[in-house]
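Here the structure is laid out as structure tokens; the discussion comes afterwards.
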Amino acid sequence: MSDKTSKIDTINRFFTAYASYDIPAMRAVLTDDVEWTIPGHHPLSGTKRGVEEVAAFFTELGRAGFQAEPLFLEANEGYVVDIHRGWTTEGIGKVDTLWALVWHFTAEGKIDRVVNLSADQHQMDNYVWNNYALAPLPDRLA
């Protein structure tokens with residue numbers, strides 16, 4: 001199996017785990033110190049650092065019934081680019097747009113960095129603000 005095929009298989013394993021919200025299976029393909037950047041101006045945006053933060057983010061997406069349908073995957077020596085349709089099935093309003101993700105791999109074949117790019121960031125921002133409240137002060141301060 002080629003290195004490119006192995007990386008694409010890893011992404012497919014991630015999406016299979018994501019579809020069933022199997023957090024342990026998601027963890028199996030991520031490094032412990034993974035960094036996952038979510039664009040936007042909303043409570044779920046920003047860079048998630050470490051498996052625990054990434055798992056918490058995906059747990060929140062699970063509350064919204066987020067689904068993903070991969071449309072395109074291509075790999076080189078260090079990266080996979082994935083384009084997928086992502087949509088919500090629960091909550092106030094909806095998200096239904098294309099997402100491009102840039103996945104980076106370690107030499108050992110695990111995912112250590114992911115950057116999400118949204119085709120309709122305003123749609124996502126509005127959806128999150130309508131469905132996720134910030135904790136009151138001072139609880140939301142680190």
Side-chain angles (χ1 to χ4, degrees), residues 3-142:
D3 192 42
K4 290 180 183 182
T5 302
S6 174
K7 286 177 178 54
I8 289 173
D9 287 347
T10 298
I11 301 302
N12 285 326
R13 284 197 323 270
F14 178 86
F15 275 117
T16 298
Y18 173 70
S20 60
Y21 297 102
D22 182 348
I23 300 296
M26 285 186 220
R27 291 174 201 248
V29 300
L30 304 173
T31 62
D32 290 339
D33 62 348
V34 63
E35 290 188 356
W36 196 302
T37 301
I38 305 300
H41 302 283
H42 57 73
L44 300 180
S45 66
T47 300
K48 313 307 173 232
R49 291 181 172 81
V51 173
E52 294 305 318
E53 284 188 17
V54 171
F57 170 75
F58 281 104
T59 297
E60 289 305 315
L61 288 188
R63 288 182 40 218
F66 261 86
Q67 301 293 312
E69 176 188 5
L71 303 172
F72 171 86
L73 290 167
E74 185 58 58
N76 68 14
E77 294 75 28
Y79 292 91
V80 170
V81 173
D82 135 41
I83 299 173
H84 66 269
R85 174 182 170 230
W87 70 96
T88 55
T89 62
E90 304 290 331
I92 300 167
K94 70 173 187 163
V95 172
D96 192 345
T97 193
L98 292 178
W99 300 87
L101 277 67
V102 180
W103 308 74
H104 182 264
F105 285 76
T106 66
E108 296 75 34
K110 291 191 97 178
I111 299 161
D112 67 346
R113 287 191 315 271
V114 181
V115 176
N116 284 49
L117 306 166
S118 176
D120 190 342
Q121 189 60 58
H122 294 292
Q123 186 183 77
M124 183 65 175
D125 288 345
N126 288 335
Y127 178 84
V128 173
W129 280 113
N130 284 326
N131 291 279
Y132 295 89
L134 291 174
L137 289 174
D139 294 335
R140 83 175 89 147
L141 300 175

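Numbering starts at 1 and runs along the sequence shown. Atoms considered below: every heavy atom in the structure, side chains included; atoms not considered: hydrogens, waters and symmetry mates.
- For T88 against G93, the heavy-atom pair with the smallest separation is OG1-O, 4.4 Å.
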**Asked** Where do E69 and W87 land on the side-chain contact (heavy atoms from CB on, under 4.5 Å) test, with the steps shown first?
**Response** CA-CA 9 Å; E69 176 188 5; W87 70 96; 3.8 Å; yes
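- A donor-acceptor contact shorter than 3.5 Å links the side chain of H42 to the backbone of L44.
- Distance check, rounded to the nearest 0.5 Å: OG1 of T106 to CG of L30 gives 10.5 Å.
- Between S45 and G40, the shortest heavy-atom distance links the atoms OG-O, 3.1 Å.
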**Item:** Residues L71, L98; criterion side-chain contact (heavy atoms from CB on, under 4.5 Å); working and verdict
**Value:** CA-CA 9 Å; L71 303 172; L98 292 178; 3.5 Å; yes
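- A salt bridge links E52 to R27: at least one charged side-chain nitrogen sits closer than 4.0 Å to a carboxylate oxygen.
- Counting heavy atoms from C-beta outward, P43 and V128 have side chains that approach closer than 4.5 Å.
- Between the CG atom of D3 and the CZ atom of F105 there is a distance of 9.0 Å, given to the nearest 0.5 Å.
- When Q121, Q123, H122 are each tested for a side-chain hydrogen bond (donor to acceptor under 3.5 Å, both in side chains) with D125, only one passes: Q121.
- No side-chain donor-acceptor contact under 3.5 Å links T31 to the backbone of K110.
- Between D82 and W99, the side chains place no donor N or O within less than 3.5 Å of an acceptor N or O (distance only, hydrogens not considered).
- The nearest pair of heavy atoms linking V34 to I111 is CG2-O, 3.8 Å.
- Taking CD1 of I8 as the reference point, atom CZ of R13 lies at 12.5 Å (rounded to 0.5 Å).
- Of all the heavy atoms in T97 and A119, the pair that sits closest is OG1-CB, 3.4 Å.
- How far CG of L73 is from CG of D9: 10.0 Å, rounded to the nearest 0.5 Å.
- Taken from CG in N116 to CE in M124, the straight-line distance is 8.5 Å, to the nearest 0.5 Å.
- With salt bridges taken as basic N to acidic carboxylate O contacts below 4.0 Å, one links E35 and R49.
- Looking at every heavy atom in both residues, A75 comes nearest to K7 through CB-CB, 4.4 Å.
- Annotation for Y132 and E60: closest pair OH-O, 2.6 Å, computed over non-hydrogen atoms.
- Residue L101 holds its CG atom at 8.0 Å from CD1 of I11, rounded to the nearest 0.5 Å.
- Within 6.0 Å of CG on D32 lie no more than 12 heavy atoms contributed by other residues, nucleotides or ligands.
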**Request:** Using the side-chain contact (heavy atoms from CB on, under 4.5 Å) rule, take W129 and L134 through it: C-alpha gap first, then chi angles, then the decisive distance, then the call.
**Result:** CA-CA 9 Å; W129 280 113; L134 291 174; 3.9 Å; yes
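- Aromatic ring centres of F57 and F66 lie farther apart than the 6.0 Å criterion allows.
- The aromatic rings of Y18 and F15 lie perpendicular to each other, with more than 60° between the two planes, well past the 30° mark.
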